[in-house]
Amino acid sequence: MAVHEHPHRSSGFHLPSFRRNRTASVTESAAAARTDARAYAFASLRLLTGFVFLWAFLDKTFGLGYATQSGKGWIDGGSPTKGFLSNVAAGPMESTFHSWAGDPWADSLFMLGLLGIGVALIAGVALRLAAVAGTLMMALMWVAEWPPAQHLSDGSPSMSTNPFADYHLVYALVLIALAAASAGDTLGLGRLWAKLPLVSRSRWLR
């Protein structure tokens with residue numbers, strides 16, 4: 001009687017592929033690290049930008065001796081808009097800005113904008129509102145300085161360093177980017193703010 005040997009057949013049992021699992025774990029960890037890095041980068045940018053606005057408010061209010069001399073703060077009767085707007089010397093709104101310079105409503109709106117934007121950015125809440133208000137403020141300040149002008153209204157050189165891009169536009173873009181990235185969710189109160197009933201119903205408050 002002939003005896004035939006059959007080839008070895010697999011029992012269907014396989015050891016788990018530790019290499020495959022390890023590779024997937026490393027990939028997921030790298031992706032998470034990149035996400036965390038972006039979140040913290042945006043959060044850091046948010047806090048620094050918020051400090052720029054908040055410091056401007058504090059210095060102009062109390063005359064801390066930096067851009068605003070001691071004794072000439074808003075609480076001392078000084079005007080935070082008169083010096084800047086009255087010195088506008090170029091652009092299509094030159095006369096309009098001169099008429100606004102030092103008006104109580106202009107001072108109040110300007111200071112309220114600085115305070116509101118600064119607090120919103122540092123706290124990480126209402127970033128969309130801060131972006132809209134900040135972009136409007138930066139646009140008006142850009143028009144007041146009017147970088148496209150090569151000469152001022154009196155004919156003297158404007159000393160403009162760029163006919164379009166300046167720090168006002170950079171700040172505006174930063175504010176928009178922070179709102180789009182929900183930068184308040186990291187190192188801020190953005191997540192708690194988003195859960196408030198009013199904010200959850202009105203996403204534009206986010």
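None of these values were measured; they are calculated from a predicted model. Computation of the quantities below employed the complete heavy-atom set of this structure, encompassing side-chain atoms and omitting hydrogens, waters and symmetry-equivalent molecules.
- How far CE of Met111 is from CZ of Phe57: 5.0 Å, rounded to the nearest 0.5 Å.
- Rounding to the nearest 0.5 Å places CG of Leu127 at 12.5 Å from CD1 of Ile176.
- Residue Met138 is grouped with residue Leu115 when hydrophobic side chains (ILVMFWY) are merged at heavy-atom distances under 4.5 angstrom, including chains of intermediate members.
- Between atom CH2 of residue Trp100 and atom OG of residue Ser95 there is a gap of 10.5 Å, rounded to the nearest 0.5 Å.
- Taking the side chain as every heavy atom from C-beta outward, Val174 and Leu178 approach each other to under 4.5 Å.
- In the hydrophobic clustering of this structure, Val132 does not group with Val143; members are Ile, Leu, Val, Met, Phe, Trp, Tyr whose side-chain heavy atoms approach within less than 4.5 Å, directly or through other members.
- Nearest heavy atoms, Ala90 versus Ala149: CB-CB, 4.0 Å.
- The backbone N or O of Ala139 sits nowhere less than 3.5 Å from a side-chain atom of His168 that would complete a donor-acceptor pair.
- Thr68 is not listed as a side-chain neighbour of Phe62, based on a closest heavy-atom distance of 4.5 Å or more.
- Considering every non-hydrogen atom in both Ser153 and Glu94, the closest pair reads OG-OE2, 3.2 Å.
- Side-chain rings of Tyr66 and Trp55 approach one another, their centers coming within less than 6.0 Å.
- The heavy-atom pair separating Lys82 from Ser79 by the smallest distance is N-OG, 3.1 Å.
- Checked by atom type and distance alone, the side chain of Asn162 pairs as donor or acceptor with a backbone atom of Phe164 at under 3.5 Å.
- Legend: residues meeting ring pair (Phe, Tyr, Trp, His ring centres under 6.0 Å) with Tyr40, ordered by chain and number and at least two apart, are absent.
- When all heavy atoms are compared, the tightest approach of Ala43 to Leu187 is CB-CD1, 4.0 Å.
- By the 4.5 Å heavy-atom criterion applied to side chains, Met137 and Leu114 are counted as neighbours.
- Leu121 and Leu173 fall into different hydrophobic clusters, defined by Ile, Leu, Val, Met, Phe, Trp and Tyr side-chain heavy atoms under 4.5 Å apart, directly or through other members.
- When the side chains of ILVMFWY residues are joined at heavy-atom separations under 4.5 Å, either directly or via intervening members, Leu112 and Ile75 end up in two distinct hydrophobic clusters.
- We find that Asp185 and Arg206 are joined by a salt bridge, their nearest charged nitrogen and carboxylate oxygen being less than 4.0 Å apart.
- Taking a 4.5 Å side-chain heavy-atom cut-off between Ile, Leu, Val, Met, Phe, Trp and Tyr, the cluster of Leu192 extends to Val125, Leu129, Leu189, Trp193, Leu196, Leu198, Val199, Trp204, Leu205.
- Hydrophobic clustering (side-chain heavy atoms under 4.5 Å, transitive across Ile, Leu, Val, Met, Phe, Trp, Tyr) keeps Met159 apart from Tyr167.
- From Lys60, atom NZ reaches atom OG1 of Thr81 across 9.5 Å, with rounding to the nearest 0.5 Å.
- The closest donor-acceptor contact from the side chain of Arg128 to the backbone of Ala179 lies at 3.5 Å or more, if one exists at all.
- In this structure, the side chain of Arg191 does not engage the main chain of Gly184 through any donor-acceptor pair within 3.5 Å.
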Checking Gln150 against Ser160 for the side chain to side chain donor-acceptor pair (under 3.5 Å) test, could you report, in this order, the C-alpha distance in whole Å, the side-chain angles of both residues, the deciding distance, and whether it holds? CA-CA 7 Å; Gln150 289 183 311; Ser160 175; over 6 Å; no

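- With a 6.0 Å radius and a threshold of 12 heavy atoms from other residues, nucleotides or ligands, Phe97 has its CZ atom above the threshold.
- The only option from Thr49, Leu47, Leu48 that meets the side-chain contact (heavy atoms from CB on, under 4.5 Å) definition with Leu45 turns out to be Thr49.
- Minimum interatomic distance between Phe42 and Ala177 (heavy atoms only, all atoms of both residues): CE2-O, 4.3 Å.
- Formation of a donor-acceptor pair under 3.5 Å by the Asp76 side chain with backbone atoms of Gly73 is found in this model.
- Between Asp107 and Pro80 there is a side-chain heavy-atom pair separated by less than 4.5 Å.
- Nearest heavy atom pair, residue Asp166 against residue Trp142, reads OD1-CD1, 3.0 Å.
- Distance check, rounded to the nearest 0.5 Å: CG of Asp36 to CZ of Arg34 gives 11.0 Å.
- Not a single donor-acceptor pair under 3.5 Å links the side chain of Ser108 to the backbone N or O of Trp105.
- Taking CG of Leu152 as the reference point, atom CH2 of Trp146 lies at 13.5 Å (rounded to 0.5 Å).
- Looking at heavy atoms from C-beta onward, Leu58 lies out of side-chain contact with Phe51 at the 4.5 angstrom threshold.
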